[in-house]
Amino acid sequence: MSTPASYSRVPEKPTIDGVEDRWAQVWQDQGTYTFDATKTREQIYSIDTPPPTVSGSLHVGHVFSYTHTDCIARYQRMRGLEVFYPMGWDDNGLPTERRVQNFFGVRCDPSLPYDANFEPPAEPGKDQLPISRRNFVELCERLTVEDEKVFEQLWRRLGLSVDWSRTYQTIDKRAQAVSQRAFLHNLERGEAYQSEAPTLWDVTFRTAVAQAELEDRERPGNYYRIGFPAPDGSRIFIETTRPELLAACVALVAHPDDERYQPLFGTTVRTPLFDVEVPVVAHRLADPDKGSGIAMICTFGDTTDVTWWRELQLPTRPIIGWDGRILPETPEWIGTDIGRDTYAAIAGATAHTAKERMVEALGDFIEGDPRPTTQAVKFFEKGDKPLEIVTTRQWYIRNGGRDDQLRTRLVERGAELNWHPPYMQARYTSWVEGLNGDWLISRQRFFGVPLPVWYRLDEHGNPEYGTPLIPADDLLPIDPSSDVPAGYTEAQRGVPGGFMGDPDVMDTWATSSLSPQIAGGWTIDDDLWKRLWPFDLRPQAHEIIRTWLFSSVVRAHLEDDVLPWKNAAISGWILDPDRKKMSKSKGNVVTPLGLLDEHGADAVRYWAASGRPGTDTAFDVGQMKIGRRLAIKILNASKFVLADGVTMPEDLGVITDPLDRAMLAVLANVVTDATAAFDDYNYARALEVTETFFWAFCDDYVELVKERAYGVRGPEAAASAKAALAVALSVMLRLFSPVLPFVAEEVWSWWLEGSIHRAPWPTVDEFGSAAGDAGTVDAVAIVLSAVRKAKSEGKVSMKAEVSSAVVSGPAESLDRVRTAQGDLAAAGRIAELGYDEAPGPVSVDVTLA
RNA sequence: GGGCGCAUAGCUCAGUUGGUUAGAGCACCUGCCUUACAAGCAGGGGGUCAGGGGUUCGAGUCCCUUUGCGCCCA
């Protein structure tokens with residue numbers, strides 16, 4: 001606890017200009033938020049801070065949600081807990097790759113050798129310059145370091161109470177080691193596995209895409225009605241939007257109950273032009289109302305094809321390559337000359353071109369004109385071409401998508417977590433229950449954490465995927481494209497009897513899902529880790545519950561059979577005034593730095609803290625102006641309270657005046673409410689009750705006790721008022737400090753020692769016996785208000801004299817008013833204050849002089 | 001099509017387990033230079049709580065339903 005200062009540094013003209021730079025510097029110099037790693041687990045509050053994507057730019061949404069977390073961090077710190085509040089940078093994955101490509105005008109070509117003297121062009125050229133993987137990664141690292149500086153600057157400006165000595169990157173060596181080690185543990189326990197399977201594939205990025213990264217987009221298309229020759233010479237018409245996949249057709253399918261096609265089940269038809277014999281099969285997923293009710297199954301046109309192919313055990317006839325083009329070689333299942341000629345016409349073409357050529361080639365096989373339609377097509381959320389499905393070898397981690405027991409356990413984990421607000425749990429549950437596959441973690445990209453395995457090559461040079469070579473734990477992190485497995489030499493790379501590195505990197509979530517492990521020193525600093533784990537809080541946005549939150553739960557569950565945190569605080573979106581989500585593409589993004597410059601950090605934080613947990617909040621400059629005014633008001637009110645050498649009283653016994661004691665009783669209730677709100681992660685509610693009290697304190701209490709505090713009614717009466725003012729100010733500043741750290745610290749420094757942010761959170765006990773009858777405040781306020789109203793309606797100054805005011809009401813209310821009648825008469829300039837006991841609500845008859 | 005949320009004053013939002021006459025700020029109107037603050041202060045007008053039905057002594061609050069909006073997923 002800060003000790004009363006024997007001197008006061010109250011400025012003549014308080015201002016909030018400059019307080020941000022000044023205190024940010026002091027906090028940094030004094031290590032105000034430095035984490036003390038000697039504390040034990042129960043003395044620590046650990047936060048799993050979301051690492052922002054540094055390759056993007058910060059927007060007001062970041063400011064919004066990070067402020068919420070900071071308010072919680074500051075509250076817990078004042079409650080006496082040692083807060084572990086690190087900052088991470090997410091510089092992993094596609095956004096960084098893309099930004100580097102555009103920023104420097106380069107692209108990664110893994111076949112090129114490393115050039116130690118490489119310097120990117122000063123200006124990105126028209127064509128992207130191909131460079132080696134290592135050069136590319138170096139550029140990624142160079143750019144992200146710059147981005148991080150900008151981010152840290154902004155966060156400091158906003159006043160985040162982060163321990164800046166504890167930062168991490170999701171791509172740094174430590175994170176790579178943690179990520180690879182966790183993967184190898186998964187592999188050892190059989191939770192990570194490889195599978196050759198149809199995979200959703202982005203042809204632009206040439207990478208597999210996980211279920212969590214998909215989105216459906218409405219796209220226009222055309223139905224083509226194609227006739228398949230039946231054995232009896234008739235034609236069976238299917239309708240398809242993808243005629244270019246005809247060569248990949250493996251069957252026709254209709255619903256088992258569809259009487260039109262029941263006679264055909266078990267028979268075969270031949271594909272037009274290609275003349276490939278395919279069976280007619282029945283499956284419940286065939287929709288009798290869609291098109292002609294019978295569809296062609298291709299390997300693979302969409303995810304339903306995959307289901308049919310798997311459940312009906314159909315052959316695999318892929319014709320689309322990893323580049324999204326039709327495979328150049330004529331498939332062996334096409335046996336006729338006309339079939340081969342037709343295929344030659346589409347070989348190597350894009351899906352789009354192939355479609356045009358197939359439609360032309362089919363000619364009379366197509367009945368009627370194409371019928372326009374709109375269909376939901378799957379896209380990679382960051383891509384702009386529809387996903388194809390290709391068969392590839394990929395790594396997976398079990399997440400319950402194929403295992404009911406694990407899925408049930410993970411749903412239960414979600415129920416163990418304290419969600420703020422609670423309804424967010426439903427989003428987790430419905431996502432986990434709807435999973436239909438394991439977690440695809442391998443990506444065919446360059447900048448990321450490499451999968452830490454190699455494969456032996458047999459005498460023909462074919463990799464033995466089933467028995468990967470594992471690095472020793474103390475060598476992590478490794479890059480299998482440059483490191484060599486034990487017992488081999490670099491010369492054996494890629495040669496028969498030698499080895500090859502796994503070429504892929506891990507999904508960015510495979511690393512982000514370990515953010516508490518990375519920040520907390522798992523397997524790197526055991527002493528620190530045991531003081532932090534499991535963490536107390538995961539703050540994050542609601543749209544990544546299915547990705548970041550869920551994958552983190554999966555990793556902690558598999559590794560330690562534990563929930564990674566006790567609480568999840570989910571923040572909402574920032575909406576523009578039209579209630580649309582703010583985004584760059586809509587051109588309505590405001591730069592955070594501009595906001596901080598214009599309104600000040602406390603004002604921006606005030607706006608952010610006014611947004612209820614989990615609630616989407618409108619971007620509202622007006623709210624920031626109110627916050628700024630509040631901050632200025634706090635300075636001015638504090639200046640008044642601290643005038644005339646007010647200090648914290650040695651003994652609360654000097655607070656004898658009933659009105660002073662009543663005010664403190666109300667404040668004690670505010671402390672109770674604000675504390676309960678913060679304990680429930682409701683910073684907005686805590687701010688609201690504090691602010692409401694503060695304004696009433698300024699408008700009523702201060703006005704009432706002004707003259708008494710000046711000493712008009714003697715030293716004891718003045719001492720009571722001054723002591724009460726000091727106690728109230730100290731408590732209010734601490735209640736405000738999580739939201740308004742700068743102005744609170746500024747005022748604190750005028751008269752008390754140490755940082756307010758390390759001062760104890762106020763408690764009811766602090767008031768001791770100084771808290772009196774709270775009801776007196778309301779009773780007195782009614783009279784004061786009535787007097788003001790009379791003056792206002794009489795259009796006279798507030799200092800105009802009142803010749804008499806008669807208060808009528810129940811005896812209890814009158815008694816309360818009497819206890820403050822000296823202050824009332826002074827504040828209202830009332831010559832004669834009379835009382836008239838009467839039933840009903842309190843009323844006041846005011847006569848102006 | 002499924003899940004979740006939202007709908008309260010012109011605007012942005014509170015309203016904590018059902019309980020006096022539904023609140024705040026902004027905006028608007030009328031005043032007041034008042035020795036902390038004119039970037040201030042005082043006072044005022046303004047809402048059939050989206051529509052309908054139900055439970056209850058009592059519903060903004062609980063249940064059903066309709067409509068509109070948003071997000072996530074299929």
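In the text below, chain A, chain B and the rest are named by the order of the sequence lines, each starting its count at 1. Fair warning: this is a prediction, and the values are worked out from it, not measured in the lab.
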Does [X] reach a base, just sugar-phosphate, or nothing at all? Heavy atoms under 4.0 Å.
X	result
A:Y710	sugar-phosphate
A:I632	base
A:S785	sugar-phosphate
A:K625	nothing

Review point. If you round to the nearest 0.5 Å, how far is CG of A:D202 from NZ of A:K378?
Key: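 A:K378 NZ to A:D202 CG: 14.5 Å, rounded to 0.5 Å.
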Whole angstrom is fine here: how far is it from [atom1] in [X] over to [atom2] in [N]?
X	N	atom1	atom2	value
A:K789	B:G31	NZ	P	17 Å
A:R427	B:C6	CZ	P	11 Å
A:K13	B:G40	NZ	P	12 Å
A:K791	B:G44	NZ	P	15 Å
A:H420	B:C4	NE2	P	20 Å
A:Q623	B:A27	CD	P	12 Å
A:M798	B:U35	CE	P	14 Å
A:F640	B:A36	CZ	P	6 Å

Review point. Once the angle between the rings of A:Y701 and A:F697 is folded into 0 to 90°, is it parallel (under 30°), tilted (30 to 60°) or perpendicular (over 60°)?
Key: parallel
From [options], nucleotide with atom closest to [X] side chain:
X	options	value
A:I626	B:C26, B:G31, B:G5	B:C26
A:R628	B:C71, B:G3, B:A39	B:A39
A:K633	B:C37, B:G44, B:U16	B:C37
A:E703	B:C37, B:A14, B:A39	B:C37
A:H542	B:C71, B:G5, B:G40	B:C71
A:W695	B:A36, B:G40, B:C41	B:C41
A:W431	B:C73, B:C26, B:C4	B:C73
A:R788	B:G43, B:G5, B:A36	B:G43
A:S430	B:G3, B:G40, B:U34	B:G3
A:R612	B:A14, B:A36, B:C4	B:A14

Check your understanding: Starting at the 5' end of RNA chain B and moving along, which residue's nearest nucleotide shows up first, A:K639 or A:D699?
Key -> A:K639
Practice item. By nearest nucleotide on RNA chain B, pick out whichever of A:D620 and A:V641 is the more 5' one. Key: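 So the residue in question is A:D620.
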With both distances kept under 3.5 Å, what pairs with [N], Watson-Crick or G-U wobble?
N	answer
B:C4	B:G70
B:U56	none
B:G23	B:C13
B:G18	none

Given the [atom1] atoms of [N] and [M], what is the spacing between them in whole Å?
N	M	atom1	value
B:G47	B:C41	C1'	27 Å
B:G46	B:C26	C1'	14 Å
B:G10	B:U65	C1'	31 Å
B:A9	B:C28	C1'	12 Å

Review point. Between A:F640 and A:K706, is there a cation-pi geometry (under 6.0 Å to ring centre, at most 45° from the normal)?
Key: yes
Point to revise | Over-ring placement of A:R538 relative to A:W548, 6.0 Å and 45° cut-offs | key: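 Output yes; distance and angle both within limits.
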Check your understanding: Are A:Y75 and A:D679 close enough that a side-chain donor and a side-chain acceptor fall under 3.5 Å?
Key ->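 Judged by distance alone, the side chains do pair up.
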Practice item. Report yes if the distance between the aromatic ring centroids of A:W573 and A:F64 is under 6.0 Å, otherwise no. Key: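 No, the ring of A:W573 stays outside the 6.0 Å limit from the ring of A:F64, centre to centre.
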Review point. So does A:D823 pair up with A:R713, basic N to acidic O under 4.0 Å?
Key: yes
